[in-house]
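Reading through the structure tokens given below for one structure.
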Amino acid sequence: MRFKKTIGLISAAASMCCGTVVAAESDGPGVSAAQAAQPWMNPRLRAGERAGLALTAMTLDEKLKLVFGYLGGDMPSKKTTRPAESRNQSAGFVYGVSRLGIPNLWETDAGLGVATQAGPDVRPATALPSGLNTAATWDLQTAYAGGAMIGAEARAFGFNVMLAGGANLLREPRNGRNFEYGGEDPLLAGKIVGAQIKGIESNHIVATLKHFALNDQETGRTTLNVKIDDRSARMSDLLALQIANEDGNPGAVMCSYNRVNGRHGCESSYLLNGVLKKDWGFQGWVMSDWGATHSTVPAANAGLDQQSGMPFDLADYFGAPLKEAVLNGWVPQARLDDMARRILHAMFEHGVVDHPVAPVPGTIDFKAHAAVSLKDAQEGMVLLKNDARALPLNRSIQRIAVIGGYADRGVLAGGGSSLVYPVGGNAAPGLEPKNWPGPVMVYPSAPLKAIEQRLPGAVVAFNDGADPVAAAKLAQASDAVVLFATQWTGEGMDVPNLSLPNRQDALIAAVAAANARTVVVLESGGPVTMPWLAKVPAVLEAWYPGTSGGEAIASVLFGEVNPSGHLPATFPASESQLPRPVLDGDPKASEQRFDVNYHEGAAVGYKWFDRNGLTPLFPFGHGVSYTEFALSNLVAGVKDGILHASFTVKNVGSVAGKEVAQVYVSPLNVQWEAPKRLVGFQKVEVQPGAGVKTAISVDPRLLAMFDSATKTWKIARGDYKVILATDAADDKAVSTVVHLQAATYDVNGKPLRGGTR
Ligand code: BGC
């Protein structure tokens, strides 16, 4: 096997990491010897100081090398080959400055694990469930643990930068990359992605918050122009990124393909110099998305610090042209210094220099990592419906039909640059599309096998669902049916609509008509519509459940694990309810310029549904358990200017379970973009008959409107309803009213010096 080899010294870094990697490390410089001649190698100095010292020792050409990134693979269409020092079929590579002890940057995608770029020599790794699944856990520890695990694998494979930390808001449910992100709410997405970033960086590598910003659909992604006002952006997409940046402290930020109010993401001084660096005080570096650099002088002066992934761009903008621009003063020398300093700062701050990665893979404990992925999947699966206790399945079932969704082979993954190749290989090779953003990947964790193991004496029959008549016949002859439905999505494309593809709606309708005990398991990239919903007693949303998906699904179906996932996104009843019933842009055109007008402003997801009185299929926050909970004793009040709420979660059912208590606030005499906002949440485990008292405190930005003129968050004086709910449409929610004084906070939600009033 490829990864059995144990190499080198086992350093403090490897043993401190949170994932399980048996070895890795270290061919780096001896610290004490280096320190004397190279003062920036002194780990006792602050990162900023070390970056400054290293910078003074660097030549112009060395600085220029650091700001120029290559693709870590060959690109036959452009007749280029990867740098010899890069890791094969990887996302990126940047030359360090070896004479100064500054290592190269080896970059790998992405948020669900260590991905491999297309080619013959893949790098099997552990895949987490989709980002939406992790967001659906509403559990920061699970998000952190997943990040720590994939970061440990990245290090073991010799990478010190992970292009992971996708926090684009789910504004567009048809977006083909929603599965990489954290859902529609800025608080939830920001917290979850921030925790994941922190976990990744616990391995002394850099994580990358992306895609900055407002990259919410794939159709026309490199040319479309998002139109949105500053205030709405700061209260929605940017707020998610801001919170993830604060909580995660990523070393890098990746600017996006799209334009925002006329400027490309990687050429937007408003976004890069303004919002990110000046307002948020971001100290790390901005790298471009692969192919998202469009110029030298405008991009460098707008705040782009590093061009990535050459030869994806049309020219080596940050190569020789940048040197010419600096020598001529079109890009000030101080700007180039700032670019290099930012990269160095992140490398020192996150341990990239002090804990160098090894060139040969370390041994990975794939079994232990599969368990991390399993836990994430189990925590994030959402039981959408469970009538007449159709679930959990009874172990005395004699004949069960398992239908569709490649359930005999494994579980689906999403496509594109984030695709992790699994240990064991693709369980269903050859599905279309075979090429980008494919191949369609099915991880070899078969739900069928996991179901069979739990029903040793029963007849477990599989039908692939291709012929609805045959599937219905089998269903009719069975005591129960588990029907798997899939929706494959991928980067560079959106789904045309929210219907399940390949006539699966008709399949489900036919099977449900044949057997009333049909449980549907969905493996989807995001929200889907369900015209058959009333005909089936139970639906489990399993997202893309990752490496251990089959096992995770079966454990929930049989009640070994009580489902506790809650939706991180609204499931619309139909596309007509969306702010854009028809997606902007032509999915088939490669070159097209068009505007996407975010007329809904900050009213994303449930906020839009609330504002327009729309009833979704399933609301944001929704999730059913095998037990029942009661929320009570809500007490809310303001202390030291911060709104706090405490409450009790009781388990009034008969099995242990976890509830996601959600706190929303609704202003009574003030106008927000929407009737209410999520301001806090807690996932709590409660034993049957017991109650757990818990509390949240509220980030003042979530009670405020952003004021673009003064760059402050302003809370208006008035009465606000504090609502304790189990989803965004909970009609049994308990509530109380608090009175808030007018208050003003700085751009980061911190009290203004001299008071907040
Ligand atoms: C994606 C990024 C990814 C990069 C490198 C781009 O196509 O948008 O998310 O990190 O490729 O593979």
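Ligands are counted one by one from 1 in listed order, and the atoms in each one are counted from 1 as well. We use all heavy atoms of the structure for the numbers below, so side chains are in, but hydrogens, waters and symmetry mates are not.
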Problem - Enumerated ligand 1 atoms positioned under 4.0 Å from heavy atoms of Asp289 - result: 1 (C), 2 (C), 3 (C), 4 (C), 6 (C), 7 (O), 8 (O), 11 (O)
Handout entry: Closest protein heavy atom to atom 9 (O) of ligand 1, given as residue, atom name and distance to 0.1 Å
Key = His211 NE2, 2.7 Å
Practice task
Tell me, please: is Glu491 in heavy-atom contact with ligand 1, that is, under 4.0 Å?
Solution key: yes
Handout entry: Sub-4.0 Å heavy-atom approach of Glu180 to ligand 1
Key = no
Practice task
Consider every N or O of Trp436 and every N or O of ligand 1, then say whether any pair is closer than 3.5 Å.
Solution key: no
Handout entry: Trp290, any N or O under 3.5 Å of ligand 1 N or O
Key = no
Practice task
Verify whether the ring centers belonging to Tyr181 and Trp543 lie closer than 6.0 Å.
Solution key: no
Exercise for the section: Starting from atom 5 (C) of ligand 1, find the nearest protein heavy-atom neighbour and note its residue, name and distance. Expected result: Asp109 OD2, 3.3 Å
Exercise for the section: May I ask you to check whether Gln117 and Asp109 show a side-chain donor-acceptor distance below 3.5 Å? Expected result: yes
Exercise for the section: Hey, could you give me the OG1/CG distance between Thr489 and Asn178, rounded to the nearest 0.5 Å? Expected result: 7.5 Å
Practice task
For Ser236 and Arg171, test the side chains for any donor-to-acceptor distance below 3.5 angstrom and give the result as yes or no.
Solution key: yes
Practice task
Heavy-atom contacts with Gln117 under 4.0 Å: which atoms of ligand 1 show up? List them by number with element.
Solution key: 12 (O)
Exercise for the section: Could you tell me whether Met162 approaches ligand 1 through its side chain, its backbone, both or neither, with non-hydrogen atoms closer than 4.0 Å? Expected result: neither
Problem - Per-atom contacts of ligand 1 with Met254, taking only distances under 4.0 Å to non-hydrogen atoms - result: 2 (C), 10 (O)
Fill in the blank from the handout: Note: Arg221, heavy atoms under 4.0 Å from ligand 1, region reported as side chain
Exercise for the section: Could you please spell out the steps behind the side-chain hydrogen bond (donor to acceptor under 3.5 Å, both in side chains) verdict for Gln592 and Thr223? Expected result: CA-CA 6 Å; Gln592 51 180 334; Thr223 49; 5.7 Å; no
Exercise for the section: For Gln307 and Asp313, test the side chains for any donor-to-acceptor distance below 3.5 angstrom and give the result as yes or no. Expected result: yes
Problem - Numbering as shown, the atoms of ligand 1 that approach Lys210 to under 4.0 Å (heavy-atom distance) - result: 2 (C), 3 (C), 9 (O), 10 (O)
Problem - Short side-chain donor-acceptor distance under 3.5 Å, Arg82 and Asn88 - result: yes
Exercise for the section: Determine whether any heavy atom of Phe312 lies closer than 4.0 Å to an atom of ligand 1. Expected result: no
Exercise for the section: In plain terms, say whether Lys277 and Asp305 are close enough for a salt bridge, that is, a side-chain N and a carboxylate O under 4.0 Å apart. Expected result: yes
Fill in the blank from the handout: Per side chain to side chain contact (heavy atoms under 4.5 Å, CB included), Arg234 is matched among Asp279, Ile228, Leu239 by Asp279
Practice task
Find all atoms of ligand 1 within a distance of less than 4.0 Å from any non-hydrogen atom belonging to Leu163, and give their numbers and elements.
Solution key: 10 (O)
